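Residue numbers begin at 1 in each chain, while the letters A, B, ... track the order of the sequences. This structure is a prediction, so every number in the text was calculated from the model and none was measured.
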Amino acid sequence: MSLKVHNSYTRQKETFAPITPGHVGMYVCGPTVSGESHLGHARGFITFDLIFRYLMYLGYKVRYVRNITDAGHFEEEGREAEDKIAKKAFLEKLEPMELVQKYTKLFHWGMKQFNNLDPTIEPTATGHIVEQIEMIKKLIRDGYAYEVNGSVYFEVKKYAEKYPYGKLSGRVLDDLLETTRELDSQEEKHARQDFALWKSAPPEHIQRWVSPWGEGFPGWHIECSAMSTKYLGEQFDIHGGGMDLLFPHHESEIAQSTICNGQTPARYWLHNNMITINGKKMGKSYNNVIRLTELFSGDHPELAQAYSPMTIRFFVLQTHYRSTLDFSNDALQAAEKGLKRLWDAYSELMKMSVDPKKQINPEIENQFNTLCGEFDEFMNDDFSTAKILANMFSLVNHINSFKSGALEKYTLSEATLEYAKRQFKNYLEVVFGLKQETAADSEKLNAVMELVIDIRKEARNRKDYATSDKIRNQLTQLGIILKDEKDGHVSFSIE
RNA sequence: GGUCACGUGGCCGAGUGGUCAGGCAUGGGUCUGCAAAACCUUCCACGGCGGUUCGAAUCCGCCCGUGACCUCCA
């Protein structure tokens with residue numbers, strides 16, 4: 001059973017085989033730190049964290065490179081160059097690097113909330129200006145780039161004579177010519193589909209570097225080519241990003257790297273789909289973003305309540321990564337409840353032990369083994385996390401039934417129980433990266449709760465329900481939920 | 001306008017040519033001093049019209065609708 005992934009480049013599911021056995025090189029387009037991350041970004045980073053985790057779970061040694069884009073890009077090709085970071089900095093009266101640092105920190109904080117693992121290398125664009133300039137020089141030397149007034153452009157038409165430009169994004173060069181919008185001041189470029197490798201910086205531009213073509217700043221696509229080549233080599237295994245980067249970003253990356261390195265940069269291109277809100281993509285240009293800080297605090301007009309990072313993570317995992325995922329309060333609330341039920345049952349499972357006095361039911365044994373076995377199968381099928389969760393929920397019923405319901409008189413065999421525990425732990429915690437959110441494990445709190453529960457128990461024994469209900473109700477108001485279990489044991493959980 | 005996706009029950013979402021996705025919500029029940037939780041049960045969908053097939057939500061065609069990309073964007 002081997003891992004199959006959907007390769008955007010071939011539009012097919014392919015068996016994954018790394019270039020170097022046992023090792024995987026993966027590059028994922030990271031954030032532009034000129035603003036705060038939002039829910040849409042989170043989906044991509046959670047998706048590739050999942051893939052990173054799963055590759056490691058399969059035993060690969062993974063080098064996961066995710067860049068930080070801290071050099072400004074121009075707003076619109078052909079128009080007056082406008083550095084996003086410089087512009088915002090002016091508005092906020094901050095130095096560009098001050099802004100970069102602020103949003104980089106905030107980004108890292110967000111990733112931590114989601115329990116995303118750190119990439120193995122997180123290079124910055126500003127830290128690799130030299131590598132980018134070297135790459136541009138090579139492109140000029142090979143005749144695929146030209147300089148005009150201190151700016152350098154990539155000549156797409158020439159590239160397309162020898163290479164399949166547009167293959168990744170399914171575009172035909174001639175169509176592009178016809179369908180590209182009318183843009184102003186394109187006169188510098190030989191052809192409108194050419195893209196900038198280096199832009200000459202106007203005097204007011206704050207971020208600028210010395211180059212063979214004068215002071216300027218790098219173009220939009222070159223940083224990823226330069227950094228992926230530097231850290232992963234001329235060809236690597238996986239390149240990831242959002243579907244909206246397919247064109248022109250990844251297409252251009254392929255063109256640049258192919259000329260510089262003589263081969264297509266990545267063997268497998270993986271793209272996650274967007275999060276939509278009210279049917280529309282969540283994005284800056286739609287003015288419908290929900291920032292992570294707003295999501296966690298509930299402080300946003302679209303939000304009925306705050307949603308925890310794990311709720312979001314679970315919400316993302318319930319959908320296949322290549323499908324759009326529609327945001328709504330109903331959907332998030334459903335995810336929140338579902339996750340709680342799943343996690344409660346998981347905790348229960350981990351506490352279960354084989355009871356030799358009870359009998360083994362072959363049918364249930366079989367279901368546990370089949371459903372748990374399918375976890376691997378589904379994950380290998382292009383990371384079908386939704387199907388794994390469905391299987392888990394089927395087992396949730398059984399687990400709960402063992403405790404109090406219809407299966408009370410049965411037990412699992414030692415082997416099956418251990419297998420189920422292993423699979424649940426591996427998938428929920430190791431691969432999916434979910435974790436317990438409430439920090440209820442303070443020794444003193446537990447001792448206090450024990451005392452309170454004991455007092456309430458005495459009241460109940462006296463049939464003094466006024467007192468027992470008062471205790472429970474007031475605790476509920478504090479966010480501590482008491483449950484009277486069937487066996488007389490009282491448990492509590494913290495909201 | 002071009003290219004590419006998608007349209008599944010109240011909501012979110014898997015999915016395959018011929019038994020069931022799953023979650024949440026809803027109705028009923030069991031349990032409980034009452035709650036909560038849990039369990040059982042209910043809800044049996046696949047945009048429209050044709051076609052292929054013994055059989056299609058799943059394949060093909062047309063139509064309708066929605067979205068993404070073509071411009072910074074995960």
Which one is paired to [N], where only Watson-Crick or G-U wobble pairs with both distances under 3.5 angstrom count?
| N | result |
| --- | --- |
| U58(B) | none |
| C39(B) | G29(B) |
| C44(B) | none |
| A5(B) | U66(B) |

So for [X] and [N], does any side-chain atom that can act as donor or acceptor lie under 3.5 Å from a complementary atom in the base?
| X | N | answer |
| --- | --- | --- |
| Asp484(A) | C34(B) | yes |
| Asp469(A) | G33(B) | yes |
| Arg472(A) | C34(B) | yes |

Would you tell me whether Arg43(A) and Asn273(A) have side-chain atoms, one donor and one acceptor, within less than 3.5 Å of each other?
-> no
Taking the side chain as C-beta and beyond, is there a heavy-atom pair between [X] and [Y] under 4.5 Å?
| X | Y | answer |
| --- | --- | --- |
| Thr104(A) | Asp70(A) | no |
| Thr276(A) | Leu325(A) | no |
| Asn272(A) | Phe45(A) | no |

Sugar-phosphate, base or nothing in reach of [X], heavy atoms under 4.0 Å:
| X | value |
| --- | --- |
| Gly170(A) | sugar-phosphate |
| Leu342(A) | nothing |
| Tyr465(A) | base |
| Gly44(A) | nothing |
| Lys281(A) | base |
| Ile275(A) | base |
| Ser384(A) | nothing |
| Ala390(A) | base |
| Lys483(A) | base |
| His320(A) | sugar-phosphate |

Under 4.0 Å between a Lys/Arg side-chain N and an Asp/Glu carboxylate O for Arg341(A) and Asp344(A)?
->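 No salt bridge links Arg341(A) with Asp344(A).
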So if I take every side-chain heavy atom of [X] and compare against [options], which nucleotide ends up nearest?
| X | options | result |
| --- | --- | --- |
| Asp330(A) | C70(B), C11(B), A36(B) | C11(B) |
| Lys337(A) | A68(B), G13(B), A25(B) | A25(B) |
| Gln318(A) | C12(B), A14(B), G23(B) | G23(B) |

Rounded distance (Å) that lies between atom [atom2] of [N] and atom [atom1] of [X]:
| X | N | atom1 | atom2 | result |
| --- | --- | --- | --- | --- |
| Lys340(A) | A37(B) | NZ | P | 8 Å |
| Leu168(A) | C4(B) | CG | P | 14 Å |
| Ile312(A) | C12(B) | CD1 | P | 16 Å |
| Lys463(A) | C34(B) | NZ | P | 11 Å |
| Asn273(A) | C6(B) | CG | P | 10 Å |
| Lys387(A) | G23(B) | NZ | P | 16 Å |
| Leu407(A) | C31(B) | CG | C1' | 16 Å |
| Phe393(A) | C39(B) | CZ | P | 11 Å |

Inter-nucleotide [atom1] distance ([N], [M]), Å rounded:
| N | M | atom1 | result |
| --- | --- | --- | --- |
| U8(B) | C44(B) | C1' | 13 Å |
| A68(B) | G9(B) | C1' | 27 Å |
| C39(B) | A14(B) | P | 24 Å |
| U58(B) | C46(B) | P | 11 Å |
| C54(B) | C69(B) | P | 44 Å |
| U66(B) | C72(B) | C1' | 24 Å |

Contact under 4.0 Å: [X] side-chain N or O vs [N] OP1/OP2:
| X | N | answer |
| --- | --- | --- |
| Asn397(A) | C39(B) | yes |
| Tyr286(A) | C72(B) | no |
| Thr476(A) | A35(B) | no |
| Lys403(A) | C39(B) | no |
| Arg341(A) | C24(B) | yes |

Using heavy atoms to find the nearest nucleotide of RNA chain B for Gly30(A) and Arg11(A) separately, return the residue whose nucleotide is more 5′.
->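 So the residue in question is Arg11(A).
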Comparing Ala335(A) and Leu39(A) on RNA chain B - which has the more 5′ nearest nucleotide = Ala335(A)
Is the backbone of Phe432(A) close enough, under 3.5 Å, to the side chain of Arg313(A) for a donor and an acceptor to pair up by distance?
-> yes
Short question: side chain of Ser308(A), backbone of Thr311(A) - any donor-acceptor pair under 3.5 Å?
->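 Yes, Ser308(A) side chain to Thr311(A) backbone: donor-acceptor pair under 3.5 Å.
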Could you tell me how the ring of Trp343(A) sits relative to the ring of Tyr346(A): parallel (under 30°), tilted (30 to 60°) or perpendicular (over 60°)?
-> perpendicular
